[in-house]
Engineer: 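Please see the structure below; I have some questions.
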Amino acid sequence: MKKTRPSSARPGLASCTRSHRLCASTIGAATLGWLLLMGLIAPAEADEPPEILTILSQFVAVGTAAMRCTEVEEDQMIAFLANQQMVYLRSVMALEDQHPEATQEQIAATLLRGQEDIQAQVKQRIDQHGCDDPNARALVDLFAMQAEWTPGGSPRSDTE
């Protein structure tokens, strides 16, 4: 199978316009998801973001670590990206419900900023501690599970 390596290109920086409250809450949620995943804060210390934003944060962190630390099969990458897109769309819907005053452009810009924040944190951690860091390995190991995941289905268990 063909293997793919990441492109170094990334979208331009987005800016929050009128809805700074939306921007702050989603970036906070995205960062919160990353910090929880990496064990940097305990769940009791944080306000609970909508669960879908935490899942999206995990997808971004996992994808970033996998692209930095391993070669990924093309079909596995396609499956992962399809699942990430589904989670992204559900995140947009959740933010539209939570912030009906926000435009679609504001929501997209907010999610992009959260994604860039998580990617920067993961890259910094890997740059400092390497791909053999237990946290980086855990993220890479989750990549296959998230690629295999069927939205609406139960997660894979090791006993199946």
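Everything numeric here is computed off the predicted structure, so don't read it as measured data.
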Engineer: Rounded to the nearest 0.5 Å, what separates atom CD in Q85 from atom CZ in F80?
Structural biologist: 12.0 Å

Engineer: How close do V72 and M67 get, counting heavy atoms only, and between which atoms?
Structural biologist: CG2-SD, 4.2 Å

Engineer: Looking at CD of E73 and CD1 of I78, how far apart are the two atoms once the value is rounded to the nearest 0.5 Å?
Structural biologist: 11.0 Å

Engineer: So how far is it from T64 OG1 to L139 CG, rounded to the nearest 0.5 Å?
Structural biologist: 9.0 Å

Engineer: Taking C-beta and beyond as the side chain, do N135 and R125 meet within less than 4.5 Å on heavy atoms?
Structural biologist: yes

Engineer: Under 4.5 Å between side-chain heavy atoms, counting indirect links through other Ile/Leu/Val/Met/Phe/Trp/Tyr residues: same cluster for L81 and V92 or not?
Structural biologist: yes

Engineer: For A147 and N83, work out which heavy atoms get closest and say how close.
Structural biologist: O-ND2, 3.3 Å

Engineer: Among L111, T110, T103, find the one that has a side-chain contact (heavy atoms from CB on, under 4.5 Å) with I107.
Structural biologist: L111

Engineer: Determine the minimum heavy-atom distance between C131 and A136, stating which atoms define it.
Structural biologist: O-CB, 3.9 Å

Engineer: Applying the side-chain contact (heavy atoms from CB on, under 4.5 Å) criterion to V87, which one of I52, L53, V60 satisfies it?
Structural biologist: I52

Engineer: Might you point out which heavy atoms bring A66 and F143 nearest each other, and give the distance in Å?
Structural biologist: CB-CD1, 3.5 Å

Engineer: More than 12 heavy atoms of other residues, nucleotides or ligands under 6.0 Å from CD of Q104: is that the case?
Structural biologist: no

Engineer: Does M86 belong to the same Ile/Leu/Val/Met/Phe/Trp/Tyr cluster as F59, with side-chain heavy atoms less than 4.5 Å apart forming each link?
Structural biologist: no

Engineer: Checking side-chain contact (heavy atoms from CB on, under 4.5 Å) against R68, which of V140, V122, D127 comes through?
Structural biologist: D127

Engineer: Quick one: CG on L112 to CG on D117, what's the gap to the nearest 0.5 Å?
Structural biologist: 11.0 Å

Engineer: How many angstroms lie between CG in L89 and CD in Q84, if you round to the nearest 0.5 Å?
Structural biologist: 11.0 Å

Engineer: To the nearest 0.5 Å, how far apart are CD in Q146 and CD in Q76?
Structural biologist: 11.0 Å

